[in-house]
Q: 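Mind having a look at this structure? Questions to follow.
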Amino acid sequence: MKVTIIGCGYVGLTTGVALAYLGHQVTGVEKDQDKLELLLQGKSPIHEQGLEKLIKECASRLSFTADASLVVPPADIIIIAVGTPQKENGEADTYYVEEAAREVVSSFVSGRSYTLVVKSTVPIGSNRRVAYVVEKVLSERGNSAQVYLASNPEFLREGLALRDTLYPDRIVVGAKDSRAVEALRLLYRPILEQTFEPPTFLPRPEGYMPPPLITTDPTSAEMIKYAANAFLAVKISFINEIAGLCDKVGADVTEVARGIGLDSRIGSRFLSAGLGWGGSCFPKDTAALVAMASEFNYSLPIVEAAREVNARQQLLIVEKLQGALKGIRGQVIGVLGLSFKPNTDDIRESPAVKLIRLLVERGAHVRAHDPVAIPKARQALSSMEVDFIENPYKMAEGADALVLATEWEEYRFLNLRELAECMREPVLVDARNFFSPEEARQAGFNYLGVGR
Ligand code: NAD
C-alpha cells in the first residue's frame with residue numbers, strides 16, 4: 001500500500017520504517033529541517049536500536065519530504081503521528097494534529113478515497129474534531145474525496161520501538177466505518193499474521209503469538225491508550241510508594257516486588273522501584289486524563305496520587321544524598337544516566353534531568369554522564385552549570401557521591417572498585433536498584449538503594 005506518515009519523530013519514524021520493511025511504499029513528511037536533513041542522508045535523528053539499519057535497508061521503499069502536498073495525493077493511507085504536547089492546564093494540545101489533518105485533506109484528490117489515521121495520543125473526542133476538520137476543508141474546497149477516519153493508538157516503548165512495532169501485544173483500531181478497519185487490517189496484515197521474515201537483529205521473540213486486532217469505536221480507542229498508560233504509571237508509583245515504607249521499616253522492596261509479582265494477577269513487570277517515571281508519555285498522558293476528567297466534573301484520585309508519588313521520588317533521592325553527605329551544597333555529585341530510560345536519547349521529562357535540577361538548585365556541583373543523551377541534555381540544562389563528562393571514571397574522580405539515575409546496561413560493566421577508589425567520598429545512591437548492594441559495598445561504596 002502507499003502510505004504517508006505525517007511527523008517523523010519516535011512514533012512516526014519507527015512506524016514508517018517498519019511498514020516499509022513489511023513491503024509498503026512509505027513517505028515520511030517531516031517539517032523540522034534538521035531532522036529532515038538527517039533522514040534524507042539515510043540517518044536516524046533519534047537513537048533507537050536497528051532503526052538506522054532498516055532506514056538504509058528499505059531505502060527503495062522509503063522516502064522523506066517536508067511537503068505533504070507532494071505525497072498525500074497518491075497515498076492510500078495517511079497516518080498522523082505528530083506531537084501532542086501538554087498544555088499548561090494539563091490537557092494534550094491537539095493543535096498539531098488538526099493542523100496536519102488540514103494540510104493532508106487540502107491535498108486530497110477529488111473523487112478518490114483515503115484512510116486517515118490518527119496515531120498521535122489525543123484526548124477523548126479528538127476523532128470527532130478531526131472529522132469536523134476533514135468535512136470543513138473538503139466542503140470549502142468542493143472536494144468530493146471520501147475519507148475514512150480511524151484512531152490507531154500507539155503503544156511502542158522507546159528503546160524497544162521497532163520490536164514493539166513488529167511484535168506488538170495488540171493493535172487497536174477505532175473507527176466508525178468498516179472500510180477504515182479493513183484498510184488498517186490490510187496495512188498491518190504482515191504483523192497480524194506474522195508472515196514477514198524478521199530482521200536479522202530482531203528475531204521473533206520465542207513463544208510470540210500473532211497479536212489480536214482490537215476493533216472498536218474511536219472514543220474507546222482513544223480511552224484505551226490513556227487507560228493503559230495511566231495503569232502502568234499507577235503500577236510503578238505503587239511500588240515506589242511501597243519502597244518508601246520499606247526504607248522506613250527495613251524491608252527490601254526488590255524482594256517484595258518479586259514476592260508480589262509472581263502472583264499472576266499482579267505480574268512482575270513495572271514493579272521496579274526507583275527514581276520515578278518520565279518520558280514523553282506517562283507524565284503528559286496522566287495529566288491529560290486528569291484534565292479530561294475534570295471537564296466532566298469527575299475526579300481520578302488514583303491517577304492523581306500516582307502523579308503525586310512520582311513527583312516526590314526525585315526529592316527522596318536528594319534526601320538520601322543529604323543524609324549520606326550531611327548536606328549537598330558544595331558537594332561534587334556525579335549522575336550516571338540522563339535519558340528517561342535506557343536505550344533512548346529521549347530526555348523529555350527525564351527523572352534524571354529533574355534530579356540534576358534539584359541538585360544544582362541546592363548548590364551541588366553536578367557532573368553527568370550518558371552513553372547517548374548528552375547532546376540533548378546539554379541543551380535542556382543549558383541554563384544550569386553542569387559538567388557533561390564522556391567517561392564515568394573521570395566523572396568519579398574526586399566526587400563526593402555518584403547517583404545511578406538511568407539503568408543503562410553498559411553501567412553493569414563498570415569497575416565499581418575503580419570508581420570508589422578515585423572518589424573523595426565513596427557514596428553510591430542507586431536510584432534504580434540496579435547494582436547488587438553486596439558487590440557495591442565490597443567495592444568500597446557506602447551503598448544506598450531505593451527501599452532496600
Ligand atoms: P516527536 O515530537 O518525537 O515527533 C513528532 C514529529 O512531528 C516532530 O518531528 C515534528 O517536527 C513533526 N511534525 C509536527 N507537525 C508536523 C506537520 N504538520 N508535518 C510534518 N511533521 C510534523 O513525538 P513522538 O514521541 O513521536 O510522539 C508522537 C505522538 O505519539 C504523541 O501524541 C505521543 O504522545 C504519541 N506516542 C508517543 C510514544 C513515544 O514513546 N514517544 C509512544 C506512544 C504514543
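Order of appearance sets the numbers: ligands from 1, and atoms from 1 within every ligand. For reference, positions follow the sequence shown, starting with 1.
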Q: Of all the non-hydrogen atoms in the protein, which one sits nearest to atom 7 (O) of ligand 1, and at what distance?
A: Gly7 CA, 3.3 Å

Q: Going by heavy-atom distance to atom 20 (C) of ligand 1, choose the closest among Val122, Val11, Val29.
A: Val29

Q: With backbone taken as N, CA, C and O and side chain as the heavy atoms from C-beta onward, which portion of Glu103 lies under 4.0 Å from ligand 1: side chain, backbone, both, or neither?
A: side chain

Q: Hey, can you tell me if Phe196 and Tyr21 have their rings parallel, tilted or perpendicular (30° and 60° cut-offs)?
A: perpendicular

Q: Write out the residue and atom name of the closest protein heavy atom to atom 5 (C) of ligand 1, then the distance separating them to 0.1 Å.
A: Gly83 N, 3.7 Å

Q: From the options Lys341, Lys284, Glu154, select the one whose nearest heavy atom is closest to atom 33 (C) of ligand 1.
A: Lys284

Q: Out of all atoms in ligand 1, which are within 4.0 Å of some heavy atom of Ala81? Include the element for each.
A: 5 (C), 28 (C)

Q: Tell me the nearest of Val118, Val82, Thr84, Asp164 to atom 29 (C) of ligand 1, using heavy-atom distances.
A: Val82

Q: Would you call Asp346 and Lys376 a salt bridge, taking side-chain N to carboxylate O under 4.0 Å as the test?
A: no

Q: Considering only heavy atoms of Lys35, which atoms of ligand 1 have at least one such atom less than 4.0 Å away?
A: 8 (C), 9 (O)

Q: Just heavy atoms, cut-off under 4.0 Å: does Leu156 contact ligand 1 by side chain, backbone, both, or neither?
A: both

Q: Would you check if the side chain of Glu222 reaches a backbone N or O of Asn127 as a donor-acceptor pair within less than 3.5 Å?
A: yes

Q: Run the ring-ring contact (aromatic ring centres under 6.0 Å, His included) test on Tyr411 and His369 for me, step by step, so that the C-alpha distance in whole Å, both residues' side-chain angles and the decisive distance to 0.1 Å come before the verdict.
A: CA-CA 11 Å; Tyr411 290 152; His369 173 271; 5.6 Å; yes

Q: How does Cys281 reach ligand 1, by side chain, by backbone, by both or by neither, if only non-hydrogen atoms under 4.0 Å count?
A: side chain

Q: Say whether, by atom type as modelled, one donor and one acceptor occur between the side chain of Asn152 and the main chain of Val172 under 3.5 angstrom.
A: yes

Q: May I ask you to check if ligand 1 and Tyr96 share an N or O to N or O distance below 3.5 Å?
A: no

Q: Got Met223 and Leu289 here, is their nearest side-chain heavy-atom distance under 4.5 Å?
A: yes

Q: Which protein heavy atom lies closest to atom 39 (C) of ligand 1, and at what distance to 0.1 Å?
A: Glu158 OE2, 3.4 Å

Q: Give a yes or no on whether the backbone of Gln25 and the side-chain of Arg61 come within a donor-acceptor separation of less than 3.5 Å.
A: no

Q: Charged N to carboxylate O under 4.0 angstrom, Lys354 versus Glu349?
A: yes

Q: For atom 11 (O) of ligand 1, state which one of Glu30, Lys31, Arg348 supplies the nearest heavy atom.
A: Glu30

Q: Among protein heavy atoms, which lies nearest atom 44 (C) of ligand 1, and at what distance?
A: Thr121 OG1, 3.5 Å

Q: Among side-chain atoms of Asp67 and Thr65, is any donor-acceptor pair under 3.5 angstrom?
A: no

Q: Which of the numbered atoms in ligand 1 are below 4.0 angstrom from a heavy atom of Gly9?
A: 1 (P), 3 (O), 4 (O), 6 (C), 26 (O)

Q: To the nearest 0.1 Å, how far is atom 19 (N) of ligand 1 from its closest protein heavy atom, and which atom is that?
A: Ile6 CG2, 3.4 Å

Q: With a sphere of 6.0 Å drawn around CD of Glu295, does it hold more than 12 non-hydrogen atoms of other residues, nucleotides or ligands?
A: yes

Q: Which ligand 1 atoms does Asp32 reach within 4.0 Å, using its non-hydrogen atoms?
A: 11 (O)

Q: Drop me the distance from Ile171's CD1 to Glu154's CD, to the nearest 0.5 angstrom.
A: 9.0 Å

Q: Counting heavy atoms only, which part of Glu98 comes closer than 4.0 Å to ligand 1: side chain, backbone, both or neither?
A: neither

